[in-house]
Each structure stands twice: as structure tokens, then as C-alpha cells.
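Heads up: the structure comes next, in C-alpha cells.
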Amino acid sequence: MSARDPSAAPPGAEDPDGGAAAGTGDLNFVMRARRASLDALTERGFQAFGYSFVRTHTAHECAALIGEGEEGPDVAVAGRIVSWRGHGKTVFAHLGDPSGRIQLYFRKDTLGDALFGAIQHFDLGDVIGVRGPLFRTRTGEVTVRVETVELLAKALRPLPFGKEEVVDGKTVRHSAFADSEMRSRQRYADLAVHAEVRALFVARSAMIRAIRAFLDGRGYLEVETPVLQPLYGGALARPFVTHHNALDMPLFLRIADELYLKRLVVGGLERVYEIGHDFRNEGVDRTHNPEFTMLEFYQAYADYVDMMGVVEALVAAAAAAVRGALGESDPRDGAAAYDDALQEGGFPRIEWVPALSAALGVPDVLDLSDAALRAAAGKAGVASVATLSRPKLLDELFQAHVEAAIERPTFVVDYPIEISPLAKPKRGNPALTERFELFARGRELANAFSELNDPIDQRQRFEAQARLKAAGDEEAVMVDEDYLRALEYGMPPTGGVGIGLDRLFMYLAGIQHIRDAILFPTMRPE
RNA sequence: GACCCGGUAGCUCAGUCGGUAGAGCAGCGGCCUUUUAAGCCGUAGGUCGUGGGUUCGAUCCCCACCCGGGUCACCA
């Protein structure tokens with residue numbers, strides 16, 4: 001609630017007296033009219049905020065119920081008033097519920113003077129319940145001939161409904177609620193007036209449910225690990241810092257689940273997964289929200305080749321769920337869930353070093369001197385090449401030359417060891433690691449490796465990171481002694497995968513902005 | 001962080017080469033018993049993002065700031 005928006009306060013909040021007329025001086029004229037309607041109803045003895053309503057059918061079920069007939073049985077439906085057309089002694093309105101909308105027909109001679117008088121004080125957005133028989137109007141629309149009506153929640157603030165018309169079978173909306181910032185801030189209003197936004201988040205939920213079912217079906221155990229961590233790790237990112245008062249110690253919000261999940265594999269939970277939020281204290285843009293939903297899963301006795309197969313099947317299951325939820329008939333533009341390649345699996349696999357070497361036109365990019373890498377990075381438009389470390393230069397070059405060009409789902413395999421501090425060295429080539437990332441449309445969708453389970457090697461990698469941190473790299477991680485202790489007890493060879501679910505959903509559903517994939521994205525206060 | 005664009009009524013927008021602003025929808029009043037972007041008549045509604053400056057006068061010009069969008073950078 002904003003201090004700068006007095007009208008956002010509850011009735012009487014800024015006026016201790018709280019009378020019906022008090023505290024309304026700052027409200028705009030529309031809201032004053034709503035309060036007047038509420039008062040008028042209350043004076044007539046109408047309950048404006050009901051307690052319950054027994055709905056017998058949804059709007060969608062009503063259409064099925066009447067079939068091809070002209071008359072149908074009595075129904076009780078409930079929802080928001082989304083349109084209202086008064087005609088003197090009759091009113092046509094539409095009621096919106098989760099299944100769709102249904103027309104209501106109010107007649108003065110059916111309702112009686114008192115009830116018909118009362119509904120003159122109904123407004124768009126009010127939540128009502130009505131009962132009456134179904135019929136078809138002369139234009140054929142399924143309609144409830146309302147015999148009784150209850151007001152279940154008076155809308156004291158106008159919802160930004162646009163007007164809808166159907167042109168050639170498609171819904172065209174006029175004067176819709178279009179301010180993307182307001183739609184994100186007031187997601188409740190966005191959802192209330194946009195059925196397609198509700199459908200999108202239903203699809204997101206379906207995708208996550210499908211992923212859980214997929215992993216559960218393969219014997220993975222869903223677990224929960226700490227969000228508040230004394231040391232952060234498992235990724236390279238700047239953390240959020242907080243403080244525990246009673247323990248008088250700093251705590252970090254996790255940037256990854258990885259190190260705790262692998263502790264569980266040490267303990268004999270051989271297949272685990274977690275779906276939860278990670279937090280990274282970095283910039284906000286079209287593809288980054290400070291908190292985001294991460295899936296990580298680990299499988300003992302598997303390597304990265306095994307995990308590629310799991311990822312293909314998991315992405316196929318997620319795509320099927322999104323497609324099922326959004327419907328087959330009218331796919332969103334650019335929604336990859338409708339791409340057959342996702343169902344067929346067998347994503348192409350390209351090797352990191354040869355791919356970059358070919359892009360640069362050199363025999364082996366790893367043989368290039370730092371100076372040559374710097375020159376190539378500068379040519380590719382990478383900023384501040386003079387200060388970047390060798391691993392960083394490699395990473396930047398790969399992003400610029402290879403990642404950005406990948407359109408179809410593709411596995412990139414065998415990353416240089418310098419940019420993969422938690423991955424096992426590649427069999428037969430210790431300069432590389434057994435790691436893959438899945439890319440599509442220039443974006444990373446998954447990151448995975450044969451997990452490093454040699455505690456001596458892992459300690460050396462941590463210490464290299466610690467040196468970077470001492471040299472001023474804010475993203476480098478600290479040595480996690482407890483994690484090393486766990487590895488010293490022995491961790492079976494393990495394949496691990498991380499998938500950002502917001503981005504996977506964006507990819508599958510054809511969403512361009514991460515803000516549109518998250519119900520309540522992080523925003524500045526109003 | 002840099003550059004570009006924007007912030008006007010509840011919503012969607014127009015406009016003012018500087019003279020304190022308009023439309024559609026929503027609202028309010030009236031008419032209308034099968035309408036569906038309902039219609040007709042009437043009416044009300046705005047500190048033109050905030051603060052300075054120039055000016056007789058600023059929503060408009062200038063400066064700063066706030067907020068948002070886009071591009072780039074940062075962020076694997």
C-alpha cells in the first residue's frame with residue numbers, strides 16, 4: 001500500500017472516526033460512487049459482502065448442460081460482473097468465472113421491484129451469485145434468466161475492464177488494461193480482467209506439476225535445503241546478505257541449491273531434487289529477476305551423458321504440459337512447446353572447444369595466448385577486455401560467437417576446466433570437464449555436469465576461487481569446509497542438473513519478458 | 001551505468017509553434033422488457049510525474065530529479 005495514494009487505504013484508515021462519509025474525501029469520483037452504491041444497498045438491507053454461495057455449475061458447464069436446446073435446467077453460478085447493459089426494465093450482463101463467461105438476463109417482472117431496484121446499484125467487478133433457468137436468447141447465446149441474486153463482494157475500486165467484442169471468432173479488446181508496470185504491480189487486477197493471463201499462469205503451474213511427476217516417477221526424492229546459508233556457493237553470483245539477530249551473524253540468501261543437495265547424495269539419498277527460489281543480487285532486465293525459481297536434481301552413479309537423456313525427457317514432459325494447458329488450437333506466437341523437436345529428443349551435441357575454435361578460425365582456442373584471446377574478445381565487442389581473466393575471456397567469446405547463434409535445442413558439451421569449478425575433469429582430457437549446457441534460441445536452459453567428487457581436487461578449485469575473491473572478484477566463492485568434509489566421507493559419482501524454471505517456461509510458452517512469467521516480480525516500491 | 005523514448009481524467013489515448021486541456025470507454029442523472037464495444041439525451045471528472053528556472057503568463061521552453069519502456073553494458 002502506498003503512502004502517496006490515500007485512496008489505497010482501507011475505509012476509514014486515515015480517519016479514526018471511520019464513519020460512512022468520513023475518510024472518503026480523498027477518493028476519486030468513481031470510488032465515491034461505489035461507496036454510494038454500497039450505502040444504498042446497505043440501506044435497503046442488502047448484504048454487500050456475502051459469506052458463501054453454492055455454485056452448481058461453471059459458465060462452461062452451463063453451455064454443455066443446455067446442449068442444442070432452447071431451454072435448460074436451473075443453475076446457480078457465481079463470479080464477477082464483467083459487462084453490464086441496462087435497458088430500463090431489463091438488464092443483460094456477463095458473469096466471469098474460472099471457466100469463462102456466461103450471460104445473465106435480469107427482468108424487473110421476474111425479480112420484483114425491490115430486487116430489481118437493488119441491482120441498479122451493482123457495478124462492474126462486483127462478485128455475485130445468481131440462480132435461475134438456462135435459456136437461449138434470440139441470437140442463440142446461452143443465458144441465465146436470473147430469479148434470485150446475491151451480492152458476495154462489492155467492488156469498491158473499479159477494475160480496469162476493457163470492452164470486448166468478437167470479430168471473426170477472435171476476441172478484440174478495447175481500452176484494455178495495458179500499462180505493463182501496473183499489470184505487474186497489481187497482478188490481482190491483471191488476472192481479474194485478463195483471462196489469458198490466468199491461463200498462462202495455470203500453464204506454468206501445469207509445467208511445474210509435470211516436472212515433479214516426471215522426477216517422482218523416476219525415483220527422485222523432493223527435498224528442501226536452506227535458503228539462509230552461512231556461506232553461499234554452487235554458482236558464481238553476488239548474493240543478498242542479511243543478519244540473524246539472536247545468533248548475531250550474517251547470513252546469505254542462497255544463489256544455488258547445489259552444495260546442499262550433493263551433501264544429501266553423500267548421505268545416501270541417491271536421487272534428490274529441489275524446486276525453490278534462488279536469489280542473486282544483480283541487475284533486473286527482460287531475463288533476470290532477483291529471485292527466480294530453480295530446479296536442481298542429482299542422480300548417484302550417473303554421469304553427464306546419462307543426464308542429457310534425462311533432460312531431453314524432462315523438457316519433453318514440460319513442453320507437453322504447457323501445450324496441454326494452453327491448448328492445441330491456437331498456440332501463442334513463438335511458443336516452443338509446440339515444436340516437434342522437443343518431443344523427439346536427440347538434441348544435437350556440439351563440443352565447446354571445437355565450436356569456438358571454428359568460430360574464431362583457429363586450430364585450438366585453448367592454445368591461444370591471453371593477448372590473442374583479449375584481441376579476439378575486443379574484436380567481438382566484449383567490454384573491458386583489458387581487465388578480464390582468461391576464464392572470463394573464454395566465456396565471453398563463447399557467448400558472443402556460439403551461444404547467441406544457437407536456435408534449435410542443442411547440447412554444448414565439454415567445457416574448459418577453468419570455467420567449471422564444480423565439474424569432474426573429462427575422461428582423457430583433463431583440460432576439459434564433463435559438463436553440458438542446453439541452449440535454444442540463444443538462451444541457456446540447463447546446466448549440468450558429472451559432479452566433482454574428489455575432495456582434494458575440489459579443495460584446490462575452491463582455493464583458486466578464494467584467490468580470485470581476494471583479488472577483488474565479487475562473484476568468486478569462499479572455501480566451504482563443511483562441503484569438503486562431506487565429500488571426504490565419499491560421494492558416489494553423480495550427475496547433476498540445474499534448470500531455471502522461469503526461463504524454461506518463457507521458452508515453452510513464448511514469453512519475452514521474465515516479468516510476465518512471474519506472478520509478483522520484484523519491483524521498486526510505488 | 002550510458003543513450004533513446006515516454007509519464008495528460010478511473011482505463012486507452014489525442015493536444016497545446018507558451019495564454020491553466022479534449023475524445024472514446026468507465027462514472028453520475030434521465031429514457032428504453034432479447035441486448036452483447038447496446039443506443040439516445042444530459043452531466044460531472046484533471047496540481048498535464050516532482051522540484052526549480054526563464055516569462056506578464058509554463059502542461060508546452062530550459063535544468064535537475066523520480067518512475068517506466070527500449071537498446072547497449074553488467075549479470076555465465
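On a predicted model such as this, the values are computed, not experimentally measured, just so you know. The chains referred to below are lettered A, B, ... by the order of the sequence lines, with proteins before strands, and numbering in each begins at 1.
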Positions of residues 140-149 of chain A (non-hydrogen atom under 4.0 Å from RNA chain B), listed by number: Glu141(A), Arg145(A)
Results of salt bridge (Lys or Arg N to Asp or Glu O under 4.0 Å) for Glu291(A) - residues two or more places apart only: none
Geometric class of the Phe106(A)/Trp84(A) ring pair [parallel <30°, tilted 30-60°, perpendicular >60°]: tilted
Along RNA chain B (nearest heavy atom to each residue), the more 5'-positioned of Arg503(A) and His121(A): His121(A)
Selected nucleotide, minimal atom distance to Lys89(A) side chain, candidates rU33(B), rC74(B), rU12(B): rU33(B)
rU54(B) and rU12(B), which share atom name C1', separated by this distance in whole Å: 35 Å
Counterpart residues, salt bridge (Lys or Arg N to Asp or Glu O under 4.0 Å), relative to Arg515(A) (two or more places apart): none
Do any N or O atoms of the protein come closer than 3.5 Å to N or O atoms of nucleotides 22-25 of chain B, and which pairs are they?
residue : atom : partner   : partner atom : Å
rG24(B) : N2   : Ser175(A) : OG           : 3.1
rC25(B) : O3'  : Lys163(A) : NZ           : 3.1

Sugar-phosphate only, base, or nothing, as touched by Arg286(A) at under 4.0 Å among non-hydrogen atoms: sugar-phosphate
Ranges pairing with ranges for RNA chain B, where each run has three or more Watson-Crick or G-U pairs under 3.5 Å: B:1-7 with B:66-72, B:10-13 with B:22-25, B:27-31 with B:39-43, B:49-53 with B:61-65
Can you tabulate the close N/O pairs, meaning under 3.5 Å, that link protein atoms to atoms of nucleotides 67-69 of chain B?
residue : atom : partner   : partner atom : Å
rC67(B) : OP1  : Arg524(A) : NE           : 2.9
rG68(B) : OP2  : Arg524(A) : NH1          : 2.9
rG68(B) : O4'  : Glu181(A) : OE1          : 3.4
rG69(B) : OP1  : Arg515(A) : NH1          : 2.3

Partner set under side chain to side chain donor-acceptor pair (under 3.5 Å) for His513(A), not counting sequence neighbours: none
Set of salt bridge (Lys or Arg N to Asp or Glu O under 4.0 Å) partners for Arg101(A), sequence neighbours left out: Glu164(A)
Arg408(A): salt bridge (Lys or Arg N to Asp or Glu O under 4.0 Å) partners, not counting sequence neighbours: Asp339(A)
Per Phe92(A) side chain, nearest of listed nucleotides rG27(B), rU34(B), rA73(B): rU34(B)
Sugar-phosphate only, base, or nothing, as touched by Tyr105(A) at under 4.0 Å among non-hydrogen atoms: base
Return all side-chain donor-acceptor pairs below 3.5 angstrom for residues 57-74 of chain A, not counting sequence neighbours, or 'none' if the list is empty.
residue  : atom : partner  : partner atom : Å
Thr58(A) : OG1  : Glu61(A) : N            : 3.2
Thr58(A) : OG1  : Ser99(A) : OG           : 3.4
Glu61(A) : OE1  : Thr58(A) : N            : 2.8

Contacts under 3.5 angstrom, residues 347-357 of chain A side chains, donor-acceptor by atom type, not counting sequence neighbours:
residue   : atom : partner   : partner atom : Å
Ser357(A) : OG   : Val353(A) : O            : 2.9
Ser357(A) : OG   : Val365(A) : N            : 2.9

Integer angstrom distance from the P of rC63(B) to that of rG18(B): 16 Å
Nucleotide nearest Glu396(A) (side chain, heavy atoms from C-beta), chosen from rA26(B), rC75(B), rC11(B): rC75(B)
Between the protein and nucleotides 43-49 of chain B, list the N/O to N/O atom pairs that are separated by less than 3.5 angstrom.
none

Aromatic ring proximity Tyr105(A)/Phe135(A), centre distance under 6.0 Å: yes
